[in-house]
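Accompanying notes for the structure given below.
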Amino acid sequence: MKKVIITAALTGNIHVPSMSPYLPITPEQLINEAVRCENAGAAVVHIHARNPEDGKPTTSINIYKEILSGIKARTNLVITPTTGGTATMTPEERIAVVRELKPEMATFNAGSFNFALYPVINKIKEFKYPWEKAFLEATESFIFSNTFTSLKVFCKTMDEVQARPELEVYDVGQITNLAQIVGEGYLREPLYLQFVLGILGALPASVDHLIYLINTAKKTFREFQWSVCAAGRHQFPMGVVNMIMGGNMRVGLEDNLYISPGQLAKSSAEQVEKAIRFAKELGLEIASSNDAREMLSLKGLDKVNF
Ligand code: KMH
Ligand code: ZN
């Protein structure tokens, strides 16, 4: 029986600290959260770094190294750092975390699109840090750029360090992007797709959209595995349907700050526990991190550079 890989995305670079007191910011908080998520049954953690002083997303390789080596020292988790970078970074700068730290897996965003967060500004009563409001406002004119040129830069670097790309697909056209670079020999099957639903600027979260993405991928690729992550209240409905469809599930405070309507999650581990309860009720088995390594043909934690 296929086992289900549960990924925990711990903090992201979307939510600002004023949205939840439980959003982990410092390396220590992120490492402790990873330990909780492993104990709850997660196989993979997805990592963004933040400035420990004020929670502002950072691309500091030193802070990434501190977080990743701290998680490696206390868990056996597969660690997937982001290559999302920031609005002003070049592809080379965004992929530096992979070139330097040589992780087993890293994110790979499969196309360009508006990535807007500004509508949440009205929901935040008081901003804790001066950077937060401007950061959210800036997304009104933000295009998340992932051109074919930058996708190929990412492919080359991930190949060089044997990091598996976790292919973030936010819309159906990005499946065609991936097919194009597979066709040009930059990317090889079997692929690991992460369908990302509910981002303003890309595909809204709904069952028919999820099924449309899965079926389009089945028509396009011979061999792939997939997972889903969905923003906010869509996280569990999309995840459970996806597990029934034979896919995997991502949870975590990066994608959703709540454990149930109106109730903030105190930890991504609470969402991992809830996802595993659903999976078990569906009669599904949970993949350990070593199962995930086997299922995704990862190089192993002994071959990373942190
Ligand atoms: N933030 C999510 C919507 C990445 O980190 O590269 C998708 C994501 C992408 O996690
Ligand atoms: Zn991310």
Side-chain angles (χ1 to χ4, degrees), residues 5-16 19 23-25 30 33-34 37 42 44-50 55 57-59 64 67-68 71 78-87 89 91 93-98 101 103 105-117 119-120 135-136 139 142-146 150-151 153-155 157-158 163-171 174 177-178 192-205 209-210 213 226-235 238-239 242 248-257 268 271:
I5 298 170
I6 303 292
T7 296
L10 302 184
T11 189
N13 62 352
I14 294 175
H15 295 132
V16 296
M19 297 169 81
L23 194 68
I25 289 174
L30 283 159
E33 268 287 274
C37 289
V44 180
V45 280
H46 168 55
I47 299 295
H48 290 248
R50 291 180 182 262
T58 179
T59 52
Y64 271 99
I67 299 165
L68 272 55
I71 295 173
V78 173
I79 308 166
T80 306
T82 185
T83 61
T86 64
M89 288 174 87
E93 288 167 330
R94 284 172 53 188
I95 199 73
V97 65
V98 172
L101 303 182
M105 185 152 69
T107 65
F108 181 109
N109 293 279
S112 305
F113 58 101
N114 294 348
F115 196 137
L117 310 164
V120 299
F135 174 86
L136 295 170
T139 66
F142 173 51
I143 297 174
F144 189 15
S145 173
N146 296 287
S150 64
L151 294 180
V153 169
F154 281 37
C155 288
T157 303
M158 290 195 182
R164 170 177 278 283
E166 181 191 276
L167 306 161
E168 317 291 317
V169 171
Y170 302 76
D171 218 328
Q174 295 174 9
N177 294 353
L178 294 176
Y192 184 44
L193 307 175
Q194 179 75 259
F195 296 131
V196 183
L197 295 173
I199 300 295
L200 179 55
L203 204 57
H209 284 158
L210 175 58
L213 286 172
W226 77 97
S227 177
V228 73
C229 66
R233 67 183 194 288
H234 305 292
Q235 183 180 59
M238 292 300 107
N242 198 50
N248 303 292
M249 182 174 179
R250 179 172 116 169
V251 295
L253 302 193
E254 169 165 348
D255 306 326
N256 174 29
L257 294 172
S268 292
Q271 295 175 346

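Here the structure is a predicted model, which means the values were calculated and not measured. In listed order, ligands and their atoms are each counted from 1.
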Check the pair Ser227 / Gln194 against side-chain hydrogen bond (donor to acceptor under 3.5 Å, both in side chains), numbers first and verdict last.
CA-CA 5 Å; Ser227 177; Gln194 179 75 259; 3.0 Å; yes

Spatial distance of atom CD (Glu168) from atom CD (Gln174) [nearest 0.5 Å]
10.0 Å

Ligand 1 contact by Gln194, heavy-atom criterion under 4.0 angstrom
no

Where ligand 1 meets Ile199 - atom numbers and elements under 4.0 angstrom, heavy-atom basis:
3 (C)

Thr139 side chain to Leu117 backbone, donor-acceptor under 3.5 Å:
yes

Taking all non-hydrogen atoms of both residues, which atom of Asn109 and which atom of Gly84 are closest, and how far apart?
ND2-CA, 4.2 Å

Considering only heavy atoms of Val196, which atoms of ligand 1 have at least one such atom less than 4.0 Å away?
3 (C)

For the side chain of Tyr64 and the backbone of Ala49, is there at least one donor-acceptor N/O pair under 3.5 Å apart?
yes

Is Asp255 close to ligand 1, meaning an N/O of one under 3.5 Å from an N/O of the other?
no

With side chains defined as the heavy atoms from C-beta onward, is the minimum distance between His46 and Ile79 less than 4.5 Å?
no

Quick one: does Arg250 get a heavy atom under 4.0 Å from ligand 1?
yes

Glu254 and His15: which non-hydrogen atoms are nearest, and at how many Å?
O-CE1, 3.2 Å

Measure the distances from the heavy atoms of Tyr170 to every atom of ligand 1 and state whether one is below 4.0 angstrom.
yes

If I apply the N/O under 3.5 Å rule, does Asn13 come out as touching ligand 1?
no

Side-chain heavy atoms of Leu10 within contact of Leu253, under 4.5 Å:
no

Number of protein N/O/S atoms that sit closer than 2.8 Å to the Zn ion (ligand 2):
3

What I want to check is whether the side chains of Asn242 and Arg250 have a donor and an acceptor closer together than 3.5 Å.
no

Closest approach of Pro91 to Ser150 (non-hydrogen atoms, all atoms of both residues):
CG-CB, 3.4 Å

About how many Å separate OG1 of Thr59 and CG of Asn13, when rounded to the nearest 0.5 Å?
10.5 Å

Is there any N or O on His48 that sits under 3.5 Å from an N or O of ligand 1?
yes

In this structure, atom 4 (C) of ligand 1 is nearest to the protein heavy atom Thr82 OG1, 3.2 Å

Using side-chain contact (heavy atoms from CB on, under 4.5 Å) as the criterion, point out the one residue from Thr7, Val45, Val44 that pairs with Val78.
Val44

Quick test: of every protein heavy atom, which one is nearest to atom 8 (C) of ligand 1, and how far off is it to 0.1 Å?
Glu254 OE2, 3.6 Å

For Ile14, counting its heavy atoms only, list the atoms of ligand 1 lying under 4.0 Å from any of them.
1 (N), 3 (C)

Name the closest protein heavy atom to atom 6 (O) of ligand 1, giving the residue it belongs to and the distance to 0.1 Å.
Thr107 OG1, 2.7 Å

